[in-house]
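Below is one structure, written out as structure tokens, with a few remarks after it.
The model shown is predicted, which means the values in this text are computed figures rather than measured ones. If you read the sequence from its start, that first residue is 1, and numbering goes on from there.
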Amino acid sequence: MKIVFATNNEHKLSEIRSILNDSIEVLSLKDIGCDVDIPETGATLEENALQKAEYIYNHYHMDVFADDTGLEVDALNGAPGVYSARYAAVRYEATGQHSAEQPASHDSEANMTTLLKELENNNNRKARFRTVIALIQKKDVCPCGCTSIKEIHQFEGIVEGQIIRERRGGEGFGYDPIFQPDGYDQTFAELGLDVKNQISHRARAVAKLCEFLNKK
């Protein structure tokens with residue numbers, strides 16, 4: 001069985017490949033010759049993950065899964081959420097107070113600075129990381145396979161925690177230095193990748209996906 005993971009992130013690929021059984025071959029976007037910037041214009045993590053998966057399914061006609069992740073902060077009504085990777089740029093545009101250069105998308109330092117500033121005087125620091133994986137598989141509906149429909153499945157992983165008041169730790173990426181998962185006194189960036197990859201939101205979503213695929 002071959003399946004495409006809509007990413008070129010080598011860490012994500014190796015993690016998935018180590019969990020799935022030997023009968024499942026996971027291909028990257030590079031493996032199938034896809035070098036386009038797949039659109040992510042959904043209003044939710046679910047929509048973005050499905051949008052990426054559907055792009056590959058429709059253009060390459062292969063079974064595929066894609067993921068999207070967001071940080072949801074209670075005091076900000078679930079923000080940054082789907083805009084987590086470009087939160088500083090989004091807030092820059094929203095405020096209209098352009099006294100400095102616009103932050104780049106995926107600027108982790110700017111994103112953390114923006115989030116900490118918005119929570120500066122707020123004691124409600126509760127937050128969660130959430131990952132959604134969308135899986136699309138072809139299902140033949142006639143013996144010769146000339147007609148087919150697609151099956152769509154979604155898997156979710158959540159880790160609860162809180163936003164601390166200053167950065168701690170040098171590992172990880174994104175918001176890891178300011179996110180402390182429940183049950184731990186260290187941030188994701190202090191715990192290190194080995195521990196994080198066992199308890200994280202993405203690890204939990206991946207585990208559900210792999211359990212499903214391994215039953216095939």
Looking at side-chain heavy atoms only, is the closest gap between [X] and [Y] below 4.5 Å?
X      : Y      : answer
Ile199 : Phe188 : yes
Thr44  : Asp68  : no
Leu135 : Ile3   : yes
Leu213 : His153 : no
Tyr60  : Val4   : no

Is there a donor-acceptor pair closer than 3.5 Å between any side-chain N or O of Asn111 and the backbone N or O of Gly174? no
Is there a donor-acceptor pair under 3.5 Å between the side chain of Gln180 and the backbone N or O of Tyr184?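 Judged by distance alone, yes, a pair lies under 3.5 Å.
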Pairing residues for [X] by the side chain to side chain contact (heavy atoms under 4.5 Å, CB included) criterion, not counting sequence neighbours:
X      : result
Lys12  : Phe5, Thr7, Asn9, Asp67, Arg202
Asn124 : Asp74, Ala75, Asn122, Lys126
Thr69  : Phe129, Thr131, His201
Arg125 : Leu116, Leu119, Gln162, Ile163, Arg165

Distance check, rounded to the nearest 0.5 Å: [X] atom [atom1] versus [Y] atom [atom2]?
X      : Y      : atom1 : atom2 : answer
Ile133 : Lys208 : CD1   : NZ    : 9.5 Å
Lys30  : Glu10  : NZ    : CD    : 7.5 Å
Ile38  : Ile56  : CD1   : CD1   : 3.5 Å
Ser200 : Phe179 : OG    : CZ    : 10.0 Å

Which atom of [X] lies closest to which atom of [Y], heavy atoms considered:
X      : Y      : value
Tyr175 : Pro80  : OH-CG, 3.7 Å
Gln51  : Pro39  : OE1-O, 3.3 Å
Thr114 : Arg91  : CG2-CG, 3.8 Å
Pro177 : Ile164 : O-CD1, 3.6 Å
Ala53  : Ala66  : N-CB, 3.8 Å

If two hydrophobic side chains count as joined below 4.5 Å and joins carry through other members, does [X] share a cluster with [Y]?
X      : Y      : answer
Val64  : Phe212 : no
Met1   : Leu13  : yes
Ile16  : Phe173 : no
Ile136 : Val26  : no
Val36  : Ile32  : yes

For residues 189-196, run the donor-acceptor check on the side chains, cut-off 3.5 Å, and write out each pair with its distance to 0.1 Å, sequence neighbours left out.
{"unit_1": "Glu190", "atom_1": "OE1", "unit_2": "Arg168", "atom_2": "NE", "d": "3.1"}
{"unit_1": "Glu190", "atom_1": "OE1", "unit_2": "Arg168", "atom_2": "NH2", "d": "3.3"}
{"unit_1": "Glu190", "atom_1": "OE1", "unit_2": "Thr187", "atom_2": "N", "d": "2.9"}
{"unit_1": "Glu190", "atom_1": "OE2", "unit_2": "Arg168", "atom_2": "NE", "d": "3.2"}
{"unit_1": "Lys196", "atom_1": "NZ", "unit_2": "Asp176", "atom_2": "OD1", "d": "3.3"}
{"unit_1": "Lys196", "atom_1": "NZ", "unit_2": "Asp176", "atom_2": "OD2", "d": "2.7"}

Salt bridge (charged side-chain N to carboxylate O under 4.0 Å, His left out) contacts touching residues 102-115 (sequence neighbours left out): Glu109-Arg167
Tell me which pairs pass salt bridge (charged side-chain N to carboxylate O under 4.0 Å, His left out) where either residue lies in residues 45-62, with sequence neighbours left out.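 Listed by first then second residue: Glu40-Lys52, Glu46-Arg130, Glu54-Lys150.
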Kindly write out the residues that satisfy side-chain hydrogen bond (donor to acceptor under 3.5 Å, both in side chains) with [X], not counting sequence neighbours, or none if the list is empty.
X      : answer
Ser28  : Asp31
Tyr87  : Glu118
Asp182 : none

Among Ile, Leu, Val, Met, Phe, Trp and Tyr joined by side-chain contacts under 4.5 Å, find the other residues sharing a cluster with Leu45 and list them by chain and number. Val82, Tyr83, Val90, Val132
Tell me, with the steps shown, if Asp63 and Lys2 meet side chain to side chain contact (heavy atoms under 4.5 Å, CB included). CA-CA 7 Å; Asp63 291 354; Lys2 290 186 179 182; over 6 Å; no
